[in-house]
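Only one structure is covered here, and it is reproduced in the block below.
Each chain gets a letter, A, B and so on, in the order the sequences are listed, and its residues count up from 1. FYI, side chains are in, hydrogens and waters are out, and symmetry mates aren't considered; it's all heavy atoms of this structure.
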Protein chains: 2
Amino acid sequence: MAPGEEGIQRELSRGTMELAVLALIDARKRYGYDLLTSLGSASNGSIAIKEGTLYPALHRMEDAGYITASWEAEGRAAPRKYYSITDGGKARLEALRTEWRRLASGMERLLNGGAES
Amino acid sequence: MAPGEEGIQRELSRGTMELAVLALIDARKRYGYDLLTSLGSASNGSIAIKEGTLYPALHRMEDAGYITASWEAEGRAAPRKYYSITDGGKARLEALRTEWRRLASGMERLLNGGAES
DNA sequence: ACCTAGTACCTTGTCTCACAAGGTACTAGG
DNA sequence: CCTAGTACCTTGTGAGACAAGGTACTAGGT
C-alpha cells in the first residue's frame, strides 16, 4: 500500500465490526476463527478484522450480554467456542442495523452533492 | 439515550468523518464551524461531529496535505479559517469514496443474509 | 521421527483518536 | 450589562485497533 494511505480500510470499517459480527451470529452460531474468515468473504473483502481485534471484541459483546459462549467438541479436534446471539443482542442488532442504514443513506446523499443548503 | 446503547452513533460514524469532510470541502471551501453544522443537515443527522473531534481532525488532514487553510475576513467580524481541498485531497477523496461504496455494498450483502457460503 | 502449515484460542503493549470540558474573543440583541 | 451565538482552539481521559507474541492440537510431507 502506498504510504499515507494505509489507513483507508482501517478507518472506514471502524464501528462496522460489531454490526457485522452480530449479523453473522444471528444467522447461526459461530466460533471466532469462523467469523475471522467469513467476514472477509461475506462482505466482499471490505470488512477485514484481525485476530487481536476480534477476540477482545467478542469478549466485550459477551460482557454486554449481546452474545453467549459455549465450548463444543466435535470428534477429536480441540473444542471450539461457539457464540450465540441473545435477546439483548437481537435488539442491539436491530438498533445498529437501523443506524447503519441511516448513515449509509446520509453518506450517499452527501457524496452526491446534497451539500447545497 | 438508554444505558449501554450510547455508543451506536459514535462507533458507526467513526471513519466516515474524513470522507464526509473532504466531500463537503470538495464542493466549495468551508470553515470549521460551517462544517460542524453542515455535516448534520447534509447527512440527515446521521453524521454528528463534536468540536473537540473536528478541529484536531482538520489539522491532521492539513498536515497530511489533503487540505489547505487560509484566514479570510469579511466585514468587521473575526476572520474565518477557510479550508480548500488539494490535489492530494482529491485523490484521497476518490480512494475513500470507492472504499466506502465497497464497504456499503459489502455490509448490505451481509445484512441481507449473504452469509451462506 | 521431525518439521511445517493450518486451525483455534488467547494476551500484552503501543498508539491513535473521539469526546468532555475547558478556554479565548468577538458580535448582536434584549 | 448580560446572555446567546459565532468561531477558533487545547488538554486530559478512556476506549479500542492492531502488531506481536504465546499456547496447543492436527494433518501432511519427507
Side-chain angles (χ1 to χ4, degrees), chain A residues 1 4-21 29-41 46-64 66-67 69-83 99 103, chain B residues 1 3-21 29-41 46-64 66-67 69-83 103:
Chain A
M1 254 181 216
E5 305 205 348
E6 339 78 17
I8 292 185
Q9 149 76 30
R10 175 180 188 168
E11 315 214 343
L12 263 185
S13 59
R14 245 183 212 172
T16 59
M17 180 191 51
E18 188 182 349
L19 170 54
V21 165
K29 65 181 178 186
R30 306 267 189 172
Y31 56 96
Y33 199 83
D34 178 25
L35 288 167
L36 222 42
T37 55
S38 294
L39 272 174
S41 58
S46 53
I47 308 176
I49 302 182
K50 307 298 172 357
E51 286 192 73
T53 304
L54 178 65
Y55 286 115
L58 287 172
H59 298 156
R60 259 180 275 134
M61 290 188 229
E62 197 185 357
D63 289 344
Y66 298 145
I67 54 179
S70 66
W71 288 95
E72 291 178 33
E74 294 127 288
R76 315 113 96 221
R80 290 163 171 169
K81 196 171 181 180
Y82 279 90
Y83 290 97
E99 193 61 33
L103 175 66
Chain B
M1 255 182 216
E5 305 203 348
E6 339 76 18
I8 292 182
Q9 150 75 30
R10 176 179 187 168
E11 316 216 340
L12 263 185
S13 59
R14 243 186 215 173
T16 59
M17 181 191 51
E18 189 182 348
L19 171 54
V21 165
K29 66 181 178 186
R30 305 267 188 173
Y31 55 96
Y33 199 85
D34 178 25
L35 287 166
L36 221 42
T37 56
S38 293
L39 273 174
S41 58
S46 52
I47 307 175
I49 301 181
K50 306 300 171 358
E51 284 192 73
T53 303
L54 178 65
Y55 287 115
L58 286 172
H59 298 156
R60 260 181 274 135
M61 290 189 229
E62 197 185 356
D63 289 344
Y66 299 144
I67 54 178
S70 66
W71 288 95
E72 291 178 33
E74 294 128 291
R76 308 110 108 215
R80 290 162 171 169
K81 198 172 181 180
Y82 278 89
Y83 290 97
L103 175 66

Contact boundaries on DNA chain C for chain B, cut-off under 4.0 Å to non-hydrogen atoms: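 Using the under 4.0 Å cut-off, the span is C:dC17 to C:dA28.
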
Flag side-chain contact, heavy atom, 4.5 Å: [X] against [Y]:
X	Y	result
A:Val21	A:Ile67	no
A:Glu18	A:Arg60	no
A:Tyr31	A:Trp71	no

Complementary nucleotide for D:dG12 - Watson-Crick or wobble, under 3.5 Å: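 By the stated definition (distances under 3.5 Å), C:dC19 pairs with D:dG12.
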
Nucleotide forming a Watson-Crick or wobble pair with D:dT23, both distances under 3.5 Å: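 Partner of D:dT23: C:dA8.
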
First encountered from the 5' end of DNA chain D, between A:Ala77 and A:Thr53: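 Its nearest nucleotide lies further toward 5', so the answer is A:Thr53.
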
Given DNA chain D, 5'-ward residue of the pair B:Gly32 and A:Ala57, judged by closest heavy atom: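 Taking each residue's closest nucleotide, the earlier one in sequence belongs to B:Gly32.
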
Reported CG-to-CG distance for the pair A:Leu54 and A:Leu36, which is rounded to 0.5 angstrom: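 One finds 5.5 Å between CG of A:Leu54 and CG of A:Leu36.
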
Interatomic distance where NE2 belongs to A:His59 and P belongs to D:dA17 [whole Å]: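 These atoms are roughly 14 Å apart.
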
B:Glu72 and its side chain to side chain donor-acceptor pair (under 3.5 Å) partner, picked from B:Lys29, B:Lys81, B:Arg80: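 The side chain to side chain donor-acceptor pair (under 3.5 Å) with B:Glu72 is passed solely by B:Lys29 among B:Lys29, B:Lys81, B:Arg80.
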
Heavy-atom closest pair, residues B:Ala57 and B:Met17: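 It is CB-CE, 3.5 Å.
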
Sugar-phosphate only, base, or nothing, as touched by B:Gly52 at under 4.0 Å among non-hydrogen atoms: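 Base contact.
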
